[in-house]
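Please read these numbers as outputs of a predicted model, since none were measured by experiment. Chain letters run A, B, ... following the sequence lines, proteins first, then strands; residues in each count from 1.
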There are 2 protein chains.
Amino acid sequence: MGSIARIGRVAHATLGAQAYESLRDLLIAGELAPGERLSLRTLAERLGTSVMPAREAVSRLVADEALEVLPNRAVRVPVLTLGTFRELTRVRIAVEGFAAAEAARAMEADGLAAIHAHDAAFRREVLASEPDLERGMRANRDLHFAVYRAAGLPSLVTIIEGLWLRIGPVLNLDLRSSRRRLAEGGAQVHHARLVAALATGDGEGARAALAADIAGSADFIETTGRLAP
Amino acid sequence: MGSIARIGRVAHATLGAQAYESLRDLLIAGELAPGERLSLRTLAERLGTSVMPAREAVSRLVADEALEVLPNRAVRVPVLTLGTFRELTRVRIAVEGFAAAEAARAMEADGLAAIHAHDAAFRREVLASEPDLERGMRANRDLHFAVYRAAGLPSLVTIIEGLWLRIGPVLNLDLRSSRRRLAEGGAQVHHARLVAALATGDGEGARAALAADIAGSADFIETTGRLAP
DNA sequence: TGCCGTGATCTGTGATCACACTTAGGCTCG
DNA sequence: CGAGCCTAAGTGTGATCACAGATCACGGCA
């Protein structure tokens, strides 16, 4: 095979798209606290570009409601009220629960294998004596989205990504602040029930397990009392 | 009442936001055909501004997947394949069906009155000897979103708007092309069942009626055979 | 007559400048 | 010594310019 054949895509990523994904990852990872203000020029300087790519990134994230512009035109990470958080949780249970149910019906072998791997990685981190929180949360995220992708409905995955983008800041900020959650919580129990239901094609079982998982972490967040009233 | 009181919103709408809503309405109304290419400069000239607001509008719509950039960097209205259309329809039935079920449980008097009004307006247009298609479709849209808003889950309404934005071009293009659909179809029958279920708080009935309505219009679109293979 | 090379034009992207507005800090005056 | 104004720095928004790449049509060569 000539070397010309392995050139592949040039990965023509525009600067604006790169800036968008950088900011996006920061938000999902909870590295930008709710209420924190952003400046286009500061952001551009940190990215090593002009303000234009930063503008596009912020503009898209505002459209996703992952950032908000105040009446002063200032840009900041939205501060979720308790009511908004509960609303998002209800929507998540409905949408992600549906995705899990569909995944159970459409599950194929390789998808199930990937899910098993992510589940094992998560449980390994939970049971470790010195758990790496960031790696554990990434395993959790990979597990969830492997399930959602298995439903075979790409537009649904996009919708769920938008939901995670909005709850990311409060969710991951609090989960990182206390390492108890990872070890104590029923997360791995829910995951086990979820994986079992997926393996047997039990759609309603998968939906129930995922709903319990979401509700469990949401309850934990509420107990921290860090949400705005 | 002094005239100062009726100023209302300062309409602090940024040019980019105005451009976004203009393009958005054009897409939902199906006035931009699938596959049609857009030019930032042409768009800017039509809006009477520079390319900057047009850029922001297009950028946001691309993020919503309501527009797409080809590998050539050209921007066009996406051409839905039959598979993508069916996928979106399944997601719509799940998400909008959930919204209808929640609306039935949370329904209040004034919301129900508004829904009744939109339903009457739609039926009036269907039964008219000389139906105004555009007005009928607007009544249909108002009816649906009045139901979704009644669920009391704003983030769900945003999600559904995104779905309508994607199917708008093919849906409304075909519905306008044949006036039969409005008159023949079971739309008003499904609407009647939907409104009745909402009035009695029958969540599952509302979900079923809405699902049938969506499936019915989707079937009609498929019979036109205008979708890409 | 058919086909390929080539240049003009149009595309989106990024940088830079200009402007209205907000905000915070320092300075002056009571 | 304290409070209010007022300047200066910083904000997002919009316009304009510069540039690489794609597209398409015309003309010349085989």
Side-chain angles (χ1 to χ4, degrees), chain A residues 4 7-24 26-27 32-79 169, chain B residues 4 7-24 26-27 32-79 169:
Chain A
I4 189 71
I7 285 186
R9 275 269 151 258
V10 191
H12 183 324
T14 175
L15 286 183
Q18 293 179 36
Y20 171 76
E21 299 200 359
S22 298
L23 257 184
R24 191 175 179 282
L26 257 56
L27 282 168
L32 271 58
E36 188 170 342
R37 287 212 309 277
L38 297 182
S39 155
L40 290 189
R41 288 171 175 83
T42 306
L43 193 62
E45 190 178 5
R46 191 164 312 184
L47 293 169
T49 69
S50 78
V51 296
M52 287 294 316
R55 271 172 79 168
E56 180 174 331
V58 167
S59 173
R60 286 177 58 176
L61 287 166
V62 168
D64 293 337
E65 293 182 86
L67 293 177
E68 69 179 359
V69 296
L70 302 174
N72 323 338
R73 291 185 171 176
V75 177
R76 71 168 188 184
V77 182
V79 193
Chain B
I4 187 70
I7 286 186
R9 276 269 150 262
V10 189
H12 182 320
T14 174
L15 286 183
Q18 293 179 36
Y20 171 75
E21 298 200 359
S22 298
L23 257 184
R24 191 176 179 282
L26 258 56
L27 281 168
L32 270 57
E36 187 169 341
R37 287 213 308 279
L38 297 182
S39 154
L40 290 189
R41 287 170 175 82
T42 306
L43 193 62
E45 190 178 7
R46 190 163 312 183
L47 293 169
T49 68
S50 78
V51 294
M52 286 294 317
R55 269 171 81 168
E56 180 174 331
V58 168
S59 173
R60 286 178 58 176
L61 287 167
V62 168
D64 293 337
E65 293 182 85
L67 292 176
E68 69 179 359
V69 296
L70 302 174
N72 323 337
R73 290 187 173 176
V75 177
R76 70 168 189 185
V77 182
V79 189

Polar atom pairs (N or O), protein with nucleotides 7-14 of chain C, under 3.5 Å:
| residue | atom | partner | partner atom | Å |
| --- | --- | --- | --- | --- |
| C:dT11 | OP1 | B:Ser39 | OG | 2.8 |
| C:dG12 | OP1 | B:Leu38 | O | 3.2 |
| C:dG12 | OP1 | B:Leu40 | N | 3.2 |
| C:dG12 | OP2 | B:Leu40 | N | 3.0 |
| C:dG12 | N7 | B:Arg41 | NH1 | 2.9 |
| C:dG12 | O6 | B:Arg41 | NH2 | 3.2 |
| C:dT13 | O3' | A:Thr14 | OG1 | 3.2 |
| C:dG14 | OP1 | A:Thr14 | OG1 | 2.7 |
| C:dG14 | OP1 | A:Leu15 | N | 2.4 |
| C:dG14 | OP2 | A:Thr14 | OG1 | 3.0 |
| C:dG14 | N7 | B:Arg55 | NH1 | 3.0 |
| C:dG14 | N7 | B:Arg55 | NH2 | 3.3 |

Quiz prompt | From CZ (A:Arg73) to OG1 (B:Thr14), nearest 0.5 Å | solution = 6.5 Å
Quiz item: Looking at A:Leu40, A:Leu61, A:Leu70, A:Val69, which hits side chain to side chain contact (heavy atoms under 4.5 Å, CB included) with A:Val75?
Solution: A:Val69
Exercise. Measure the CG-CG distance between A:Leu27 and A:Asp64 for me, rounded to the nearest 0.5 Å.
Key: 10.0 Å
What N/O pairs connect the protein and nucleotides 7-9 of chain D at under 3.5 Å? Give each pair on its own line.
none

Quiz item: Can you list every pair that meets side chain to side chain donor-acceptor pair (under 3.5 Å) and has a residue in residues 35-55 of chain B, with sequence neighbours left out?
Solution: B:Ser39-B:Thr42
Quiz item: What are the two closest non-hydrogen atoms of B:Ala57 and B:Leu23, and how far apart are they?
Solution: CB-CD1, 4.3 Å
Self-check item: Heavy-atom closest contact (A:Leu43 atom, A:Ala54 atom, distance)
Solution: CD2-CB, 4.0 Å
Quiz item: Just how far, in rounded Å, is P of C:dA15 from CD of A:Glu45?
Solution: 13 Å
Quiz prompt | Spacing of CD belonging to A:Glu56 relative to CG belonging to A:Leu15, to within rounding of 0.5 Å | solution = 9.5 Å
Quiz item: With sequence neighbours excluded, what pairs up with A:Glu68 under the salt bridge (Lys or Arg N to Asp or Glu O under 4.0 Å) test?
Solution: A:Arg76
